[in-house]
Amino acid sequence: MKAMYFLIFLSLNLSANEWMKFEWGQQTIEGVELKRAAMLIELKDGTKLQLDTGAPSSYLYAPAYKFDGNKVMSFETPSGQLINETFQVHDTKSSDEYAVGTLGASFFKDSVLIIDFPRNRLMKASSIPDELSASAISYIDGQVTDSLHIVTSVNVGDTTLSPVVFDTGSSIFKLVLNKEQWLPLVSKAHADTPEHVMEVPAWGRKIVLYGAKSLSPICLGTICVDGNIYYSEDPQLDFSKAGLAGLMGNAILEDKYILVLDYANKRIGTIKEQ
């Protein structure tokens, strides 16, 4: 959930069809410990980037790095290949709680991002790798916006919400909407008095989110889960200005699915862990 995004200049792409590990950053909000708050990818120097498909581009944060325009960072793949990437540095007042920067959607443009949640690994590929080609992939139609958001439809009961961004940078949420869309999806009592109020860090400050349990399951394709949905009245989280219905984070998938974000063919796919 970032407000400003800056251009990444790719010097070399990751090798196709090679898995890279990620780890979960933890966070405590309102006294609740969240163990899957951010997806972190380690760089060769030991620092970490947050995987954020809600961010169109990628950047590093100052003052973790001197604000001098660009910075070369290195990944080391499991096979030992060293990949150098040149990032623009975003002059921020403070560094992120987890990471020194963001790896955004531009890194995966015209490719397939595969996130294996059960095994904490991901892959940037030119096509579905052989090891997954025989798997039963459930595809959902999607679109890739001009801002490189990959969007699809989400159903809550009889209500279809579209377009919704799949945002790995908002990992802890199943669904975040504008208030007017949120109101009919929760009970009258919770619409009057939301049962959850939380402050989360975004854009270098705190924003307030209000939540309640959805009256109906939240469904991404055939995946349906019960849970809380949220809204914010912060103007920087007004999805309608961007022509969006809302965003969905990783929480709907937990550790039960492999996610396929196919930027090349404009679709979202899931594989249920056996």
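- Under the rule for a salt bridge (charged side-chain N to carboxylate O under 4.0 Å, His left out), D110 has no partner lying at least two apart in sequence or in another chain.
- With sequence neighbours left out, E195 forms a side-chain hydrogen bond (donor to acceptor under 3.5 Å, both in side chains) with no residue at all.
- Evaluation of the side chain to side chain donor-acceptor pair (under 3.5 Å) test over residues 207-226, restricted to residues two or more places apart or in two chains, returns none.
- Under the side-chain hydrogen bond (donor to acceptor under 3.5 Å, both in side chains) criterion, K44 pairs with E76, sequence neighbours left out.
- Residues passing the salt bridge (charged side-chain N to carboxylate O under 4.0 Å, His left out) test with E233 are K179, sequence neighbours excluded.
- Scored by the side-chain contact (heavy atoms from CB on, under 4.5 Å) test, A191 finds L183, V186 as partners (sequence neighbours excluded).
- Scanning for side-chain hydrogen bond (donor to acceptor under 3.5 Å, both in side chains) contacts around W19 gives E131, with sequence neighbours left out.
- Remark: T145 engages no residue in a side-chain hydrogen bond (donor to acceptor under 3.5 Å, both in side chains) (not counting sequence neighbours).
- Applying the salt bridge (Lys or Arg N to Asp or Glu O under 4.0 Å) rule to pairs touching residues 134-163 yields nothing, sequence neighbours excluded.
- Under the side-chain contact (heavy atoms from CB on, under 4.5 Å) criterion, K35 pairs with Q26, E33, not counting sequence neighbours.
- Residue pairs that meet the disulfide (SG to SG under 2.5 Å) test with at least one member in residues 218-274, sequence neighbours left out, are C219-C224.
- The side chain to side chain donor-acceptor pair (under 3.5 Å) pairs that include a residue from residues 240-262 are S171-N250, D238-S240, E254-K256, D262-N265, D262-R267, where partners are two or more places apart or lie in different chains.
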